[in-house]
Amino acid sequence: MDNFSHSLVGLAVGELVQRSLAPEPQSAQQQTRRRMLLVACGAASNVPDLDLLLKSLLPDPLGYLLLHRGHTHTLLFAVPQGVLLATLLWLLWPAARRLLAASAAARRGLALAITLGLLLHLAMDFLNSYGIHPFYPIDPHWLFGDMVFIVEPVFWIATGVPLALMVRSRPMRWSLLALLAGVPLWSAYTGFLHAGSLALLATVALIAGMLQLRAPGNGRAGLLAGLATCLAFVGMQAIASARGVATLAAQLHQRAPASELVDASMTAYPANPLCWNFVAVERNEAAGVYRLRRGVLSVAPAVLAVDHCPAGLAGAIDRRAASPAIAILSNDAANLSALRRLARDNCYFRDWLRFARTPLVRGDVASDVRFGTPLAPNFSTIDLAQFTGRACPLNV
């Protein structure tokens, strides 16, 4: 997920932990505890992304592809990250240190805030098609949620509106609310959000905001409603994604009954459970080929046909080449034996395949089609010619 989403959800959970604990005996201690828990949970929700500092350990693009969402995005390495964050707060924040020494509630709150923040980061990163491998080194395989877009405004609105309403400064409060409203409006204007998505976001904002405004001084209703909305949205997206894969499998079987659907990478549209981008990986062992089909599908074409999905994420769809449910934007076939041979003989390509879920090779250049059109380079693109004659990379 984007770090704005990580931060807002982390701050909302930190605030919820704070409001769920018994108050401290003095107002100054209570204020210190609130600040500490917000900082702790907000930081824990972002600290795994510091693995970007490690990407120089491998040549481009392997450094980013294999070390980002790598060690720091595992359950095993969450433990030292939590200990390090708690230690830094103890050493660098005298008021927090005095509070922790005196208050068992503050110690419990800090442990809970850091633990939840780290687990939230892993859970949220799992939700999209980029994925994580949280059980390394026991199991190094990537897990892909294929449920939520990597920049999801539902998370912003559901958690950001209650948080903004807690800000005491009126100019700051209205500025934050304007930002939360302005980004979705701009996204709709530029073709990334459907009008129905704007209506969904407005409904979420209204409910979370009214519950927060009506809550008593220590109320949690708005926060609970916002976080419950996030969970409900994830559940709805999971159901829609599974339905999309079933629809895709049925459609592709009609087009190529001899091929096996190996994988379907599903990318959600923002705040839109009906529209999905996909890359289907098919294999035909008898013909010795594998095929990558990239396109758009609607899980409810009677409600929203595929050619009415927002054009900002996939481009305009030719209605003549699309059914109400599915539109194929690109269709690429490649030699299966050549792919396996390259993976066997070229260690750089073999390492790249640890990340690449939908690999397409053209000459010496390979790209993961999840992240762009087949002929356009993206951040996953690797030019294998630059590694000719070089020893296999270390630190993989």
Side-chain angles (χ1 to χ4, degrees), residues 1-3 49 51-70 125 128-133 142 144 146 149-151 190-192 262-270 276-282 289-296 309-318 327-336 338-343 345-390 392-393 395-396:
M1 299 300 298
D2 67 288
N3 289 97
D49 281 340
D51 59 9
L52 290 170
L53 300 175
L54 304 175
K55 65 179 184 177
S56 61
L57 295 176
L58 286 169
D60 290 336
L62 295 179
Y64 181 84
L65 302 182
L66 298 182
L67 297 181
H68 178 45
R69 297 205 184 181
D125 277 357
N128 50 63
S129 62
Y130 197 117
I132 57 173
H133 35 84
W142 288 77
F144 310 101
D146 286 358
F149 190 61
I150 198 167
V151 180
T190 53
F192 288 92
V262 178
D263 190 15
S265 172
M266 303 289 290
T267 299
Y269 278 49
W276 298 78
N277 286 348
F278 68 85
V279 181
V281 184
E282 301 166 81
V289 299
Y290 76 99
R291 186 176 297 277
L292 301 175
R293 300 184 202 257
R294 175 179 162 270
V296 183
C309 290
L313 289 175
I317 294 172
D318 185 356
I328 302 295
L329 302 180
S330 64
N331 185 347
D332 296 273
N335 186 283
L336 192 55
L339 180 78
R340 290 168 172 161
R341 185 165 55 251
L342 185 61
D345 298 339
N346 190 310
C347 58
Y348 282 88
F349 183 69
R350 185 165 60 249
D351 291 338
W352 180 80
L353 281 178
R354 297 186 183 206
F355 170 85
R357 185 177 175 187
T358 59
L360 184 64
V361 183
R362 289 289 183 264
D364 290 323
V365 177
S367 288
D368 191 325
V369 181
R370 280 180 294 174
F371 305 109
T373 58
L375 297 179
N378 58 65
F379 70 87
S380 73
T381 301
I382 184 170
D383 183 356
L384 298 171
Q386 66 178 310
F387 303 116
T388 302
R390 291 176 60 174
C392 291
N395 304 313
V396 177

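Numbers here are sequence positions counted from 1.
Residues Leu313 and Asn277 share a closest heavy-atom pair of O-ND2, 3.6 Å. Scanning all heavy atoms of the two residues, the minimum distance from Leu360 to Tyr290 falls at CA-OH, 3.9 Å. When all heavy atoms of Phe278 and Val296 are compared, the closest pair comes out as CE2-N, 3.4 Å. Nearest approach of Gly70 to His133, heavy atoms of both residues: CA-CE1, 3.9 Å. In plain terms, the two heavy atoms of Val369 and Val279 that are nearest each other are O-CG2, 3.8 Å. Nearest heavy atom pair, residue Ala385 against residue Thr388, reads O-OG1, 3.0 Å.
Counting only heavy atoms from C-beta outward, the side chains of Cys347 and Pro393 approach each other to under 4.5 Å. For the pair Leu66/Arg354, a side-chain contact is recorded, criterion being any heavy-atom separation below 4.5 Å from C-beta on. Looking at heavy atoms from C-beta onward, Val289 lies out of side-chain contact with Leu336 at the 4.5 angstrom threshold. The closest side-chain heavy-atom distance from Val281 to Leu292 is below 4.5 Å. Taking the side chain as every heavy atom from C-beta outward, Phe349 and Leu339 approach each other to under 4.5 Å. The shortest side-chain heavy-atom distance between Phe355 and Pro61 does not fall under the 4.5 Å cut-off. A 4.5 Å side-chain heavy-atom check between Trp142 and Arg69 finds at least one atom pair inside the cut-off. Residues Thr267 and Phe149 form a side-chain contact, since some pair of their non-hydrogen atoms from C-beta on lies under 4.5 Å apart.
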Open item on the list: As a quick check of understanding, evaluate side chain to side chain contact (heavy atoms under 4.5 Å, CB included) for Asn346 and Trp352, giving each step before the final call.
Closed with: CA-CA 10 Å; Asn346 190 310; Trp352 180 80; over 6 Å; no

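Once rounded to the nearest 0.5 Å, the distance linking CD1 of Ile150 with OG of Ser129 reads 7.5 Å. Separation of atoms OG1 (Thr373) and CG (Leu329) is listed at 10.0 Å; rounding is to 0.5 Å. Rounded to the nearest 0.5 Å, atoms CG (Leu342) and CG (Asn335) are 11.0 Å apart. Put simply, CG on Leu65 and CD1 on Ile382 are 8.0 Å apart, with the number rounded to the nearest 0.5 Å. Annotation: the span from Asp60 atom CG to Lys55 atom NZ amounts to 7.0 Å, rounded to 0.5 Å.
Side chain of Thr358 to backbone of Arg370: a donor-acceptor contact under 3.5 angstrom is found. The backbone N or O of Asn331 lies less than 3.5 Å from no partner atom in the side chain of Arg291, so there is not a single donor-acceptor pair. A donor-acceptor pair under 3.5 Å is absent between the side-chain atoms of Tyr348 and the main chain of Leu62, judged by distance alone.
Residues Arg357 and Asp146 are paired through a salt bridge, judged by an N-O separation under 4.0 Å between the basic side chain and the carboxylate.
Both tests do not hold together for Arg350 against Phe387: distance to the six-membered ring centre under 6.0 Å, angle to the ring axis within 45°.
The aromatic rings of Phe379 and Tyr130 lie parallel to each other, with less than 30° between the two planes, well short of the 60° mark.
The side-chain hydrogen bond (donor to acceptor under 3.5 Å, both in side chains) check on Asp51 picks up His68, Thr72, His73, with sequence neighbours excluded.
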